[in-house]
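Each chain gets a letter, A, B and so on, in the order the sequences are listed, and its residues count up from 1.
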Number of protein chains: 2
Amino acid sequence: MSVRFAILGLLAQRPRHGYELRAAFEALVGGEENWDVKPAQIYTTLDRLEESGLVTEEAVEQEGGPEKRIYAITPAGRAELESWFATSVGSEHQRDEFFVKLMLSLAVDGANPYKVIQTQRAALYQRLHDVTLQRQRADPQTELAHILLLDKTVMHLEADLRWLDMVEARLDEVRRQPLPQPEVKPRGRPRRR
Amino acid sequence: MSVRFAILGLLAQRPRHGYELRAAFEALVGGEENWDVKPAQIYTTLDRLEESGLVTEEAVEQEGGPEKRIYAITPAGRAELESWFATSVGSEHQRDEFFVKLMLSLAVDGANPYKVIQTQRAALYQRLHDVTLQRQRADPQTELAHILLLDKTVMHLEADLRWLDMVEARLDEVRRQPLPQPEVKPRGRPRRR
DNA sequence: GGTGCCATGTAACGCGTTACATGATTAT
DNA sequence: ATAATCATGTAACGCGTTACATGGCACC
C-alpha cells in the first residue's frame, strides 16, 4: 500500500517518470538504507495504477537520452490520495513472527522458550545499541526523515524489550501453577463464524 | 514466514492434515480474531514445504469420513525448525505506511501534516481504549496467548503515541527555522541539440 | 431437506523480492 | 575502453488475500 500511495503523492507534485519516482521515493524516506524500492515494484505499481485509472501515461520523452515514459495523476487519483490523507492507517496486524516462535517453543517438545526469549532479547539490545549510535550521529538539519524513523525504531525496540520482560514474568507465574496447554481436539470444537 | 514455521513446528509435535493444522494454528495464537489463517495458505504452504523436502505426505486416511492427507516433518524439516528457534527474528523493516503518509503530507501541496497526525492519533487512542477493555476482560487462566498479544499491542500503541508527540514537536522546531525540503533534483544532464 | 462442520483444493490478484536483460549517455 | 548512471522492463517466486468449488457426514 505504501509505495502505491507514495507514487500517487509524488505524481500529485508534478508528472514524473519511473526512474525519477524511485529517486523521489528514496529522498522522501531518507535514503535507501531505510527503504530500498526496487525498480520492478515501481514499474508494476505504475501499471496497476494506470489500469485503475488513477494515473495516465502522459508522454514519452526521448530528447537525446533514453526513453522516458512520463506519468501524471488523474482526478480519480487525486481523490484517492485525498481520502488516504483523511483516514488513519489500519492496525498493522499483530502477525508477529516472534510471537509464533514463542508459542511454538512452549508447545514443541525439545524447544526451550527461555532460550528463545534470551536470543531475541540479545538481538533487540544489539539493535537498540546500533540505532542509538546512528541516532547520535544523525544531523538534525538535513536528515529529518531519517531521525524520525530512528526515533520510532528506538521506541518500538524499548517496547519490545519491556514486553519480553513481561512475557518472562508471566511464564514464571504459569510455571508455578501450570495450566492445561491449549490442546487441539481433532473434532467437535465449537466455532463461531 | 510465520505460517511456514508454525506448520513445521506443529508437524514436529505429530503428523497432521491440513484442516487440523489450521485449527492448531488458531489455538496456538489464541483464536481467529488474532490471526485468521485461510485454508488456501495452509495448503499452498504445505505444497511448498513438501517441494523443499521439509515435509512429506505420509498417508491418506479415509475412515468413514472425507479424505485426510496426513503430513509429517522430515529430518531436514527438524533441522530447519531448530535453526529457526536458535536465531532471533529479523528487524521488521520500518516500512511504515504512516511514515510515508506523513512525509508526503509535508511534500504535497494542499495536504496538512498536522491534520494527518491528529487523525492518526485519534485512531491510536481509540484502539488503545478498545484493547485496554479487552485486556481487562481477558481471563489469565485460559487465554495466555491472547493476553500476551494484547499486552504487546498496548505497548506498541503507547510507543506510537509518544512518537507522534515527538514528531509534532520536531515539526514545530523545523517550522520555526525552516529547512530546504529534501527536494529531488531533476539531475539535468546537459543536452545538446 | 437444509444447515453446519469436516476436508480438500483451484484461480486470480496484490505487494514485494530477486534475478535477468537491454540499451543509451557520461565521465574517467 | 569501460564503468557508472540513466531508463526501462520481464519472469518467476514467496507470502498473503478473496472468491469459488467440491463432496461427505451429522444433526435437527
Side-chain angles (χ1 to χ4, degrees), chain A residues 1-8 16-26 32 35-52 54 57 59-71 90 92-97 100 184-193, chain B residues 1-8 16-26 32 35-52 54 57 59-71 90 92-93 95 97 100 184-193:
Chain A
M1 285 280 84
S2 302
V3 173
R4 181 186 164 92
F5 283 106
I7 289 179
L8 232 39
R16 301 175 192 256
H17 55 94
Y19 194 88
E20 197 187 349
L21 281 167
R22 197 192 173 198
F25 183 83
E26 264 177 29
E32 55 175 308
W35 195 326
D36 183 20
V37 192
K38 308 299 192 297
Q41 193 178 354
I42 298 283
Y43 294 115
T44 55
T45 303
L46 273 172
D47 288 344
R48 281 194 292 264
L49 283 170
E50 191 176 12
E51 212 188 347
S52 309
L54 307 180
E57 199 181 315
V60 181
E61 282 182 23
Q62 202 168 356
E63 3 152 295
E67 264 197 4
K68 296 182 189 177
R69 317 179 92 78
I70 313 272
Y71 289 89
E92 336 139 3
H93 327 284
Q94 230 48 43
R95 275 102 208 282
D96 184 335
E97 184 176 337
V100 169
V184 193
K185 289 171 209 126
R187 251 150 224 276
R189 266 169 73 258
R191 48 170 60 200
R192 59 224 138 79
R193 186 104 307 205
Chain B
M1 286 280 83
S2 302
V3 171
R4 181 187 164 91
F5 283 106
I7 288 178
L8 231 40
R16 302 175 193 253
H17 54 94
Y19 195 88
E20 197 187 348
L21 280 167
R22 194 193 175 198
F25 183 83
E26 265 177 27
E32 54 174 308
W35 194 327
D36 183 20
V37 192
K38 309 297 193 301
Q41 194 178 354
I42 298 283
Y43 294 116
T44 55
T45 303
L46 274 171
D47 289 345
R48 281 195 291 263
L49 284 169
E50 192 177 11
E51 212 188 346
S52 309
L54 307 180
E57 199 180 316
V60 180
E61 280 182 27
Q62 202 166 357
E63 5 150 295
E67 265 197 8
K68 297 181 190 179
R69 317 179 92 80
I70 313 274
Y71 289 90
E92 333 139 6
H93 328 281
R95 274 99 208 283
E97 185 177 335
V100 170
V184 192
K185 290 171 214 124
R187 306 250 239 285
R189 231 180 306 110
R191 47 187 57 143
R192 56 238 143 79
R193 264 237 146 197

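- Atoms NE2 (His17(A)) and P (dC6(D)) sit 10 Å apart, rounded to a whole Å.
- Atom P of nucleotide dT8(C) and atom CD of Glu50(B) are separated by 13 Å, given to the nearest angstrom.
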query = How does each nucleotide of nucleotides 11-21 of chain D score, in 5' to 3' order, for protein heavy atoms under 4.0 Å: base (B), sugar-phosphate only (S), or none (-)?
reply = B--SSSBB---

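- One can place NZ of Lys68(B) at 12 Å from C1' of dC25(D), the figure rounded to the nearest angstrom.
- Atom CG in Leu46(B) sits roughly 9 Å away from atom P in dT8(C) (whole-Å rounding).
- Atom-to-atom distance recorded for Lys68(B):NZ and Arg16(B):CZ is 12.5 Å, nearest 0.5 angstrom.
- By the salt bridge (charged side-chain N to carboxylate O under 4.0 Å, His left out) test, Arg69(A) is found to be paired with Glu57(A), Glu67(A), residues two or more places apart in sequence or in another chain being considered.
- Regarding contacts with the backbone of dT8(D), every side-chain N or O of Tyr19(A) stays at 4.0 angstrom or more from both OP1 and OP2.
- Atom CZ in Arg22(A) sits about 12 Å away from atom P in dT5(D), given to the nearest Å.
- Checked against side-chain contact (heavy atoms from CB on, under 4.5 Å), Asp47(B) has the following partners two or more places apart in sequence or in another chain: Tyr71(B).
- When the side-chain hydrogen bond (donor to acceptor under 3.5 Å, both in side chains) test is applied to Arg22(A), the partners found at least two apart in sequence or on another chain are Asp36(A).
- At whole-Å resolution of the value, OH in Tyr71(B) and P in dA7(C) are 14 Å apart.
- The nearest whole Å value for the distance from the CZ atom in Arg69(B) to the C1' atom in dG9(C) is 9 Å.
- Regarding contacts with the backbone of dT8(D), a side-chain N or O of Tyr43(A) is found under 4.0 angstrom from either OP1 or OP2.
- Remark: Thr44(A) engages Arg48(A) in a side-chain contact (heavy atoms from CB on, under 4.5 Å) (not counting sequence neighbours).
- Considering only residues two or more places apart in sequence or on other chains, Gln41(B) meets the side-chain contact (heavy atoms from CB on, under 4.5 Å) condition with Val3(B), Val37(B), Thr45(B).
- Taking atom CD of Glu57(A) as the reference point, atom C1' of dT8(D) lies 11 Å away to the nearest angstrom.
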